[in-house]
Number of protein chains: 2
Amino acid sequence: MKKVGLKDIALHVGVSTALVSYVLNGQAEEKQVGKEVAERIRRAAEELEYRPNQLAKSLKTRKSNTIGLIVADINYRFSSGITRAIEAEAKRKNYTVIFGSSNESSDKFSELVNVLVNHQVDGLILVPVEHAEQSILTLQKSDVPFVLIDRNFPNILTNSVLLDNYKAAYDSTVHLINQGHSKIAFINYNAQLHNLQERTRGYLAALEEHGIEHHPGWSLFVRSSHYESDMRKAIQQLVSGNKCDAIFFATDRLSISGLKEIVSLKVRVPDDISVFSFDESEAFELFSCPISHARQPLEKMGKIAVTMLLDSINKPRAVNQIYLETQLVIEKSCRE
Amino acid sequence: MKKVGLKDIALHVGVSTALVSYVLNGQAEEKQVGKEVAERIRRAAEELEYRPNQLAKSLKTRKSNTIGLIVADINYRFSSGITRAIEAEAKRKNYTVIFGSSNESSDKFSELVNVLVNHQVDGLILVPVEHAEQSILTLQKSDVPFVLIDRNFPNILTNSVLLDNYKAAYDSTVHLINQGHSKIAFINYNAQLHNLQERTRGYLAALEEHGIEHHPGWSLFVRSSHYESDMRKAIQQLVSGNKCDAIFFATDRLSISGLKEIVSLKVRVPDDISVFSFDESEAFELFSCPISHARQPLEKMGKIAVTMLLDSINKPRAVNQIYLETQLVIEKSCRE
DNA sequence: AAATTTGCTTTAAACGTTTAAAGTATTATA
DNA sequence: TATAATACTTTAAACGTTTAAAGCAAATTT
């Protein structure tokens, strides 16, 4: 079947393409198109199964009704959750999502930004990766609106939708303290990502403010490139020798691999050790004990990100940063 | 910063846009553009930070270098896995992915198909949902190439990349039989989806061919709308009264909710009951016993889907259906 | 009866590219 | 020296829309 264009309809009805365009874009009233003619145009469009060419439309109007989304890795629970929320909200607002996954590579990240910008997206929602500063700065100079989500760079002022990581980690640690723990270990990635560092900061602040001396051996940082083996060492270290009585994991992935190690060492949760996780995981559903955790408001983040982006597309103005709170979900993994 | 176009470069260098286009598209040789001029054009493009307008390009060449992807729900492990593979392979072949999630709604599915087609995608990769037959048939009449992945409709002949669900379920069941089980229960969704029905068929065939009489109460079908409560009833039924000694779950989600119920009833795996899962889950990592399962080749499926799609974009020809095999991952969850 | 208003419609340029086809020097061949 | 081939460049139409501006009857006002 050949593609039907405005011209075909115009020809079929015997009018100009202008009229057809007006009618099919709901400007029939405004442009005072004859009622009978309008009706014939609509019928013809129906009959001929007209599909507007969004490319031509976008080219002419300089608006693609498309937003670009780059996540760090779609296999993360965080990414798929946020993607779902963003896609749904975008659709609701009549936008289409162009998608890319950087797989935590800053090269792929900046490449993707380029591709999406070339595709004339109206704006971008980005989960930036380590070392993406340069891309972000470049992007700022182009006039493509964007908002960062989940991660940002403290020395680059951008629209962003973030978690209050500091507070979430602080509150989580306080929860452990309130449960009577004082030997609280903390395991994080050794990454530069600001959101992760904020979690460390929150943990340390909570200890300090509660007069708990921080034992250096209790905050451990695993390399994401070797997290299995680093985690093994970390857990072994924490449960032998200078034993701690609680572990706070800074991400869901860390929790899972930590818990695996804990299980293999026959250490019981919460009898032998308490566990708290930043973020949750499907894996917790089948662990011997439900894991207390800080829950990220993914739906909300996605929705706000889209709203913020469309706002800044329509009326660019001051930079906007929103910090959302996590919800502490208290289960049985931290003994009293 | 104003947008820089071919025209601006042409003006800057003092040549026509045609030359600029030739040079920047690597046709400098072919079109015998002067070496020195070509160099000046390239430099100008660099300096002015030229970004080609992909929309204009696509409009003119009638090729968007874009593929549409619709998954059933990006939160499924299957979906994110397949999305990652598809995005990566598409990128490798210089295609960009436009993404949508139908959330298992056939209305949203057909709406998404329309949106993507209007965006002039060169082709579509679809995980169809129940009752999407009509959309698929319509799509077939338009000349947009597409390939179905994971699910198809037996009475509609389309390009598709599928799992050999029958064989996978058959082999899985045989594995249970070989482990000495004969009272093997099977839990599936009560959906019309052909791939799920094939799993049921594989299970039944394995029993039959091994002379095991099939007890009707042993194949149970839960409603996806009430799967928690239906699952509860199902498991209770299977472990009390007419006890079976193994359960084969038809999907990862079913396994998780089934296992949760099993745990809450203090039934032990594999001591009291054996468990086999179709597909795997992050959740298995923390279960008390590693779960034997049939693993889907997500990477491969995604890669093949893209390849098949691009093939059919470039030289449309006979319909192509590929059935991939699963890999049985044998763990400790099925006792001897 | 001329001028104006109203109601409807068309014209044509533009969006940023691509690409046949035509144009114009310069050099080589007869 | 005329002719042809070569090397390089421009012209201009096209892709499928949108939209300001102009056009033209018929109806209304002066």
Side-chain angles (χ1 to χ4, degrees), chain A residues 2-42 44-45 48-66 117-122 142 144, chain B residues 1-42 44-45 48-66 117-122 142:
Chain A
K2 267 263 283 302
K3 286 263 170 71
V4 176
L6 241 37
K7 215 186 303 188
D8 303 282
I9 299 180
L11 221 64
H12 188 264
V13 178
V15 294
S16 69
T17 60
L19 270 195
V20 180
S21 174
Y22 292 146
V23 170
L24 298 182
N25 286 304
Q27 298 180 258
E29 299 279 279
E30 188 186 340
K31 295 292 156 92
Q32 309 187 104
V33 178
K35 291 218 154 204
E36 196 258 345
V37 177
E39 198 40 53
R40 263 160 60 217
I41 289 175
R42 274 189 269 266
L48 302 181
E49 296 181 3
Y50 170 67
R51 306 249 82 90
N53 182 327
Q54 184 62 43
L55 254 40
K57 236 170 155 140
S58 303
L59 179 60
K60 179 63 202 179
T61 60
R62 299 146 156 281
K63 183 131 194 355
S64 64
N65 266 221
T66 270
V117 170
N118 291 354
H119 271 279
Q120 309 297 120
V121 293
D122 292 333
S142 83
V144 183
Chain B
M1 238 186 302
K2 268 265 283 302
K3 286 262 168 72
V4 176
L6 241 36
K7 216 185 304 188
D8 303 283
I9 299 181
L11 221 63
H12 187 261
V13 178
V15 294
S16 69
T17 61
L19 271 196
V20 180
S21 173
Y22 291 146
V23 170
L24 298 183
N25 286 303
Q27 298 180 257
E29 298 279 278
E30 187 186 340
K31 295 292 155 98
Q32 309 186 102
V33 179
K35 291 219 157 204
E36 197 258 343
V37 176
E39 198 39 53
R40 264 162 56 218
I41 289 175
R42 275 189 269 266
L48 302 181
E49 297 182 2
Y50 170 67
R51 306 248 83 91
N53 182 327
Q54 184 60 44
L55 255 39
K57 233 168 156 142
S58 303
L59 178 60
K60 179 63 204 185
T61 60
R62 296 149 157 281
K63 183 128 192 357
S64 64
N65 266 219
T66 269
V117 169
N118 291 354
H119 272 277
Q120 310 298 119
V121 293
D122 292 334
S142 83

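For the numbers below, each heavy atom of this structure counts, side chains included, while hydrogens, waters and symmetry mates do not. Here is how names work: the chains are called A, B, and so on, in the same order as the sequence lines, proteins then strands, and each is numbered from 1.
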Which whole-number value in Å describes the distance from A:H119 NE2 to C:dT17 C1'?
14 Å

A:I41 CD1 - C:dT10 P separation (whole Å)
9 Å

Between P on D:dC15 and CG on B:D122, what's the gap in Å once rounded to a whole number?
18 Å

Can you tell me the distance, in whole Å, between the NZ atom of B:K63 and the C1' atom of C:dT19?
18 Å

Does a side-chain N or O from B:Q32 land closer than 4.0 Å to OP1 or OP2 of D:dC8, or not?
no

Within the side chain of A:S64, is there an N or O that forms a donor-acceptor pair under 3.5 Å with the backbone of A:Q120?
yes

Quick one: does A:S21's side chain have a donor or acceptor within less than 3.5 Å of a partner on A:T17's backbone?
no

In terms of side-chain heavy atoms of B:K7, which of D:dT18, C:dT18, C:dC15 is nearest?
C:dC15

Tell me, yes or no, whether the heavy-atom count around B:K7 atom NZ, taken from other residues, nucleotides or ligands under 6.0 Å, exceeds 12.
no

Using the side-chain heavy atoms of A:K57, tell me which of these nucleotides is nearest: C:dT19, D:dT18, D:dA20.
D:dT18

Between D:dG16, C:dG16, D:dT10, which nucleotide gets closest to the side-chain atoms of B:R62?
D:dG16

Taking only the side-chain nitrogens and oxygens of B:N53, find out if one of them lies under 4.0 Å from OP1 or OP2 of C:dC15.
no

Which of the following nucleotides, C:dA13, D:dT9, C:dT9, is nearest to the side chain of A:K60?
C:dA13

Nearest-neighbour nucleotide for the A:N25 side chain, D:dT10, D:dT18, D:dG16 considered
D:dT18

salt_bridge(A:K35, A:E39) N-O dist < 4.0 Å
no

Polar atoms only, N or O, under 3.5 Å: list the protein pairs with nucleotides 22-24 of chain D and their distances.
none

With a 4.0 Å cutoff (strictly under), does any side-chain N or O of B:S21 reach OP1 or OP2 of C:dT18?
yes

Between A:Y50 and D:dT17, does any side-chain N or O lie under 4.0 Å from OP1 or OP2?
yes

Which of the following nucleotides, C:dT17, D:dT10, C:dA13, is nearest to the side chain of B:L19?
D:dT10

Nearest-nucleotide 5' precedence on DNA chain C, A:T17 against A:G34:
A:G34

Rounding to an integer number of Å, can you tell me how far B:L55 CG sits from D:dT18 P?
13 Å

Expressed as a whole number of angstroms, how long is the span from A:Y22:OH to D:dT19:P?
8 Å

Gap between atoms CD and C1', on A:Q120 and D:dT17 respectively (whole Å):
16 Å

Inter-axis angle, terminal five-pair segments of the helix from C:dA1-D:dT30 to C:dA30-D:dT1 [nearest 10°]:
70°

I want to confirm an ordering. Mapping B:L59 and B:K31 to their closest nucleotides on DNA chain D, which one lands closer to the 5' end?
B:K31

